[in-house]
Amino acid sequence: MIDAVNLTKKFKDITAVDGLTFHVDEGEVFGFLGPNGAGKTTTVRMLCCLIARTSGESRIAGYDTGNDSDSLKIRKIIGLIPENVGLYGELSAYRNLDFYARLYDRTEQQRKESIERLLRLLGLWEKKDHPVGTFSKGMKQKVAIARALVHDPGILFLDEPTANLDPGAAKTVRDFILELKKEKKTIFLNTHNLEEAQKLCDRIGILKTHLLRIGTPEELKEALWGSKTVIGLEEVSDMIVAAVKQHTSGKVVVEDHRLVIDVKNAGQENPGLVQAIVAAGGRIQFVQEFSPTLEDVYLKTVRETP
Amino acid sequence: MRLSKAWIIASKDLSIFRKKKSIFYSVILFSLFVSIGLPLLIYVLSGRSGSISPDALSGLLTVINAFAFFYIIGAASLPTAIASYSIIGEKQEQSLEPLLATPTTDSEILLGKSIGALLPPLVAIWIGAVIFMGLIDAITFGLLGSLYYLNAVIAVIMLLLVPLAAITAVEVSVIVSARVNDVRTAQQLGSLIVIPFAIIYVLGEINAFALTVPYLLILSAIILVVDIGLFSLSVSTFRRDEILTKWK
């Protein structure tokens, strides 16, 4: 549904996005994680035909984002929630949405039905005639979401949709994105909220001008950290370490009163390791499978890249 | 280019304009001042009497024509306030990005914004001109023995010069608005476009430029050429790539 091959954007001498290659399937929620200035917004803008790429190729539903006639077709089938909501403060929520729905050639009946459905879903129907300028940040973000959906697009681009929202409003927005996921919308999500990415995304790309890693959250964790077993002991002796090393070909690291052991299959290997430690006189306090968080993966990836 | 898209954008801008009381009232007040205030001045100048010397009558008609030129100055200044707000307002609200993400072309957006900035002053000026002409005719009918308006001079002013001057103001405002972030700065810079028209007015007053149909037609042709140049410049300024990456 979304394809990029060597997608690059330069602003004079500065390379904002360098050689991105990825594919997003129909109905998939794909997340872009990266620090500020990583090129996330620039990528979304190129994919939404808002700015021209410098080189490479990108396609949305088969249409070329670099082709003028294709770009109009692309903009008909996508919805964008930019980082800043960009609503007309003097106009009511209904009028804001109606304006955009008209630009998407929706009939009056379609506009009425779509706006009412979205505002009801987002809990804003009672406020439909209030000027958006009087709304809270969370309410404005909801209107921006409704605006992106008013023409029922199949593909959504969300650029930091929960940035600057309070936890309650952010949860509402996340829950709504999960609803959209159930509707099989293709969603491209820019975020630096790792919990959000983990919760919402089928696959994640870690971006820092280049695409550093790409995969499901589990694949990323696996690729960077592998599987580890942590065994807490009353005391760690050389004899215990030697006994463990005899039972595994994986790396064994001693950290205070803990052994951190690389394992291929924790379920199969852990009983043998426990047995070996007990036989060597070790007194086990706990056995834990170590699972890195997405934050661990993200920080390791970003920090290791200059 | 699809006019329907441009009209949707223009009608949205008009809705916002109606809520901007200061801009709304400035347009109405200008029109009221020129349309009612100036005929009242003529009424006072003509001595409220039924008789006037031929020289004085000739002078009075020159003054009436000069007053009609105020509409051109109004057309060159009033759209500046609306066009500046229309574009810088979008910049401040950061609403250009979602607008540019819709299936509209840059030219359609620019045309819509231009129509939205042109219509209120043009409508106000044209309605004001009808009032102006009616009052002038009521005041001068007794002196002239015939209706002074409608005549060719006011027709050229209203149908050619006023729209062309308004277009000049809008195009200049688009170009200026791309480079500044503040509505007032844009309005101040944009309103400089009034200066050439004010100079023409002064030239008319010192008889260096005659407010006759041939001269006004020549002036219209010159403004048309300027407008075409400004339009191509504003189109090149109003490109989505430029707006999102280079506009301040």
Side-chain angles (χ1 to χ4, degrees), chain A residues 9-12 14 16 41-42 44-54 68-92 95-106 131-133 140 143-144 147-148 150-151 153 156-157 159, chain B residues 1-24 82 85-113 115-116 181 183 235-236 238-247:
Chain A
K9 178 69 183 178
K10 290 182 180 177
F11 296 106
K12 291 185 180 168
I14 299 164
T41 298
T42 301
V44 162
R45 285 178 171 177
M46 283 193 284
L47 294 174
C48 293
C49 314
L50 293 173
I51 57 173
R53 64 196 176 215
T54 305
D68 278 349
S69 68
D70 277 7
S71 79
L72 276 180
K73 291 171 191 157
I74 289 169
R75 280 186 262 133
K76 268 186 186 171
I77 58 168
I78 63 167
L80 167 68
I81 302 174
E83 196 172 352
N84 299 298
V85 290
L87 298 162
Y88 300 107
E90 293 90 350
L91 302 182
S92 68
R95 181 74 178 88
N96 265 280
L97 298 181
D98 188 59
F99 165 63
Y100 279 93
R102 289 171 72 200
L103 287 176
Y104 286 101
D105 298 323
R106 309 296 279 179
V132 164
K140 283 180 185 170
V143 178
R147 178 187 60 200
V150 78
H151 56 297
L156 269 174
F157 289 90
D159 195 0
Chain B
M1 191 186 303
R2 296 155 300 177
L3 285 175
S4 59
K5 299 275 182 191
W7 178 246
I8 293 167
I9 292 161
S11 59
K12 183 269 296 172
D13 277 1
L14 290 171
S15 301
I16 293 174
F17 162 71
R18 279 201 298 272
K19 292 175 194 293
K20 292 279 165 197
K21 300 294 180 204
S22 58
I23 301 175
F24 183 77
I82 304 171
Y85 186 81
S86 165
I87 292 169
I88 295 189
E90 296 256 14
K91 279 165 85 173
Q92 287 175 340
E93 300 266 25
Q94 295 173 307
S95 48
L96 277 170
E97 187 169 358
L99 180 59
L100 292 168
T102 62
T104 44
T105 64
D106 301 348
S107 310
E108 286 160 358
I109 295 172
L110 182 58
L111 181 64
K113 298 224 142 277
I115 293 170
N181 249 339
V183 176
V235 166
S236 67
F238 204 88
R239 283 175 42 234
R240 59 193 60 220
D241 220 331
E242 299 268 328
I243 292 168
L244 291 173
T245 58
K246 290 186 185 164
W247 279 27

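Per chain, numbering begins at 1; letters A, B, ... match sequence-line order. Because the structure is a prediction, the values reported are computed rather than measured. Worth knowing before you read on, the calculation uses all heavy atoms, side chains too, and leaves out hydrogens, waters and symmetry mates.
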Task: Segment of B/Lys12 engaging chain A (4.5 angstrom heavy-atom cut-off) - done: both

Task: Between CG on residue B/Asp241 and CZ on residue A/Arg53, distance to nearest 0.5 Å - done: 12.0 Å

TODO: Working to the nearest 0.5 Å, report the span between CG of A/Leu103 and CG of B/Leu99.
DONE: 6.5 Å

Open item on the list: Quick check on B/Ser4 against chain A: is it the side chain, the backbone, both or neither that has a heavy atom closer than 4.5 Å?
Closed with: neither

Open item on the list: For the interface with chain B, which of A/Glu83, A/Lys73, A/Lys76, A/Arg102 has the highest count of heavy-atom pairs at distances below 4.5 Å?
Closed with: A/Arg102

Open item on the list: Could you measure the distance from the NZ atom of B/Lys20 to the CD atom of A/Glu90? Nearest 0.5 Å is fine.
Closed with: 4.0 Å

Task: Intermediate values then yes/no, side chain to side chain contact (heavy atoms under 4.5 Å, CB included), A/Phe99 and B/Thr102 - done: CA-CA 11 Å; A/Phe99 165 63; B/Thr102 62; over 6 Å; no

Task: Under 4.5 Å from a heavy atom of chain B, the part of A/Lys140 involved - done: neither

Task: Option in A/Leu80, A/Ile77, A/Leu50, A/Ile51 with maximal non-hydrogen atom pairs under 4.5 Å from chain B - done: A/Leu50

Task: Contacting region of A/Asp98 [heavy-atom separation from chain B under 4.5 Å] - done: neither

Task: Value rounded to 0.5 Å, distance of CG in A/Leu91 from CD in B/Glu93 - done: 9.0 Å

TODO: Could you tell me which portion of A/Phe11 (side chain, backbone, both or neither) has an atom closer than 4.5 angstrom to a non-hydrogen atom of chain B?
DONE: side chain

